[in-house]
Engineer: 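Before we start, here is the structure in question, set down as structure tokens.
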Amino acid sequence: MSVIIRTLCSLISLYAWVIFIYVIFSWFPRTGVLGKIYDALGIVCEPFLGLFRKFIPPVGGNGMAIDFSPIVAFVVLQLIEMLLRRLLL
């Protein structure tokens, strides 16, 4: 059981890093290789981030909107990881 929980915690941490990289890539033009990487990361990240965008839409406008969904996603992932780690105790 503990091996499964540790593996899940590692996967959650990895997914949080993938979301972080996706957010960083969103600051750059989506051309060439970076655009392809961004699109691939979007396939992995957007379904999860989209859950939070339903409740917290991006703030602002004129092409300068600030999207808070990654922050909420990080918090949720951390909470899930903390709950799993408590199961180990």
Side-chain angles (χ1 to χ4, degrees):
M1 180 80 164
S2 67
V3 173
I4 294 171
I5 292 174
R6 286 185 184 146
T7 303
L8 286 173
C9 288
S10 295
L11 290 173
I12 289 170
S13 294
L14 176 66
Y15 192 59
W17 276 105
V18 169
I19 291 173
F20 179 75
I21 293 167
Y22 179 65
V23 169
I24 298 299
F25 273 41
S26 72
W27 298 345
F28 298 100
R30 294 172 186 91
T31 57
V33 175
L34 284 181
K36 291 178 182 180
I37 294 171
Y38 180 80
D39 292 340
L41 292 174
I43 291 169
V44 175
C45 297
E46 280 301 322
F48 187 62
L49 295 175
L51 295 172
F52 305 108
R53 284 194 191 109
K54 291 178 186 176
F55 304 104
I56 307 170
V59 177
N62 299 329
M64 298 298 293
I66 298 173
D67 186 7
F68 290 104
S69 62
I71 296 169
V72 176
F74 285 131
V75 170
V76 168
L77 288 173
Q78 290 299 312
L79 288 173
I80 292 170
E81 189 174 347
M82 283 176 20
L83 289 172
L84 287 173
R85 290 190 187 277
R86 290 198 182 229
L87 288 175
L88 284 175
L89 299 177

Engineer: Supply the atom-to-atom distance Ile21 CD1 to Trp17 CH2, rounded to the nearest 0.5 angstrom.
Structural biologist: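 Nearest 0.5 Å value for the CD1-CH2 distance: 7.5 Å.
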Engineer: Quick check: are there more than 12 heavy atoms from other residues, nucleotides or ligands sitting under 6.0 Å from CG of Leu79?
Structural biologist: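 Counting other residues, nucleotides and ligands, CG of Leu79 exceeds 12 neighbours.
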Engineer: Between OG of Ser69 and CD of Glu46, what distance do you get to the nearest 0.5 Å?
Structural biologist: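 Output value for this atom pair is 7.5 Å.
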Engineer: Looking only at heavy atoms, what is the nearest atom pair of Arg85 and Ile5, with distance?
Structural biologist: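 What the structure gives for the nearest pair is N-CG2, 4.5 Å.
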Engineer: Do you know the tightest heavy-atom contact between Val18 and Cys45?
Structural biologist: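 Residues Val18 and Cys45, closest heavy atoms: CG1-SG, 3.6 Å.
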Engineer: When you compare the side chain of Phe55 with that of Val72, does any pair of heavy atoms fall below 4.5 Å?
Structural biologist: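 No, every pair of side-chain atoms sits at 4.5 Å or beyond.
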Engineer: Do the side chains of Phe20 and Leu14 join up, straight or via other hydrophobic residues, at under 4.5 Å, putting them in one cluster?
Structural biologist: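 Looking at the clustering, Leu14 is in a separate group from Phe20.
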Engineer: Would a 4.5 Å heavy-atom cut-off, applied to side chains only, mark Leu77 and Ile19 as touching?
Structural biologist: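 Leu77 vs Ile19: side chains touch.
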Engineer: To the nearest 0.5 Å, what is the distance between CD1 (Ile71) and CD1 (Ile66)?
Structural biologist: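 If we round to the nearest 0.5 Å, Ile71:CD1 and Ile66:CD1 are 9.0 Å apart.
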Engineer: Quick one: list whatever passes ring pair (Phe, Tyr, Trp, His ring centres under 6.0 Å) with Phe74, sequence neighbours left out.
Structural biologist: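 With neighbours one apart ignored, the set is empty.
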Engineer: About how many Å separate CG of Asp39 and OH of Tyr22, when rounded to the nearest 0.5 Å?
Structural biologist: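 Those atoms lie 8.0 Å apart.
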Engineer: Quick check: is Leu8 connected to Val3 through a chain of hydrophobic side chains (ILVMFWY, heavy atoms under 4.5 Å apart)?
Structural biologist: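 Different clusters: Val3 never reaches Leu8 through Ile, Leu, Val, Met, Phe, Trp or Tyr contacts under 4.5 Å.
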Engineer: Kindly indicate whether the side chain of Val76, heavy atoms from C-beta on, has any atom under 4.5 Å from the side chain of Leu51.
Structural biologist: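 Side chain of Val76 against side chain of Leu51, heavy atoms only: no contact under 4.5 Å found.
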Engineer: Would you kindly confirm whether Val75 and Val23 end up in one hydrophobic cluster when ILVMFWY residues are joined by side chain heavy atoms under 4.5 Å apart?
Structural biologist: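 No; tracing contacts between hydrophobic side chains, which count when under 4.5 Å, never links both residues.
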Engineer: Minimum heavy-atom separation for Pro47 and Gly42, please, with both atom names.
Structural biologist: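 Closest heavy-atom pair between Pro47 and Gly42: CD-O, 3.9 Å.
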Engineer: Applying side chain to side chain contact (heavy atoms under 4.5 Å, CB included), run through Leu41 and Ile37 and close with a yes or a no.
Structural biologist: CA-CA 6 Å; Leu41 292 174; Ile37 294 171; 4.0 Å; yes
Engineer: Please step through side chain to side chain contact (heavy atoms under 4.5 Å, CB included) for the pair Leu49 and Asp67, ending with a clear verdict.
Structural biologist: CA-CA 10 Å; Leu49 295 175; Asp67 186 7; 5.7 Å; no
Engineer: What's the spacing between Ile4 CD1 and Cys9 SG if we round to 0.5 Å?
Structural biologist: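 Going from the CD1 atom of Ile4 to the SG atom of Cys9 covers 12.0 Å.
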Engineer: Using only atom types and a distance under 3.5 Å, with no angle test, would you say the side chain of Tyr15 pairs donor to acceptor with the backbone of Val44?
Structural biologist: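 Between the backbone of Val44 and the side chain of Tyr15 there is a qualifying donor-acceptor contact (under 3.5 Å).
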Engineer: So which heavy atom on Phe25 is nearest to which on Leu34, and how close?
Structural biologist: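 Closest approach of Phe25 to Leu34: CE2-CD2, 3.5 Å.
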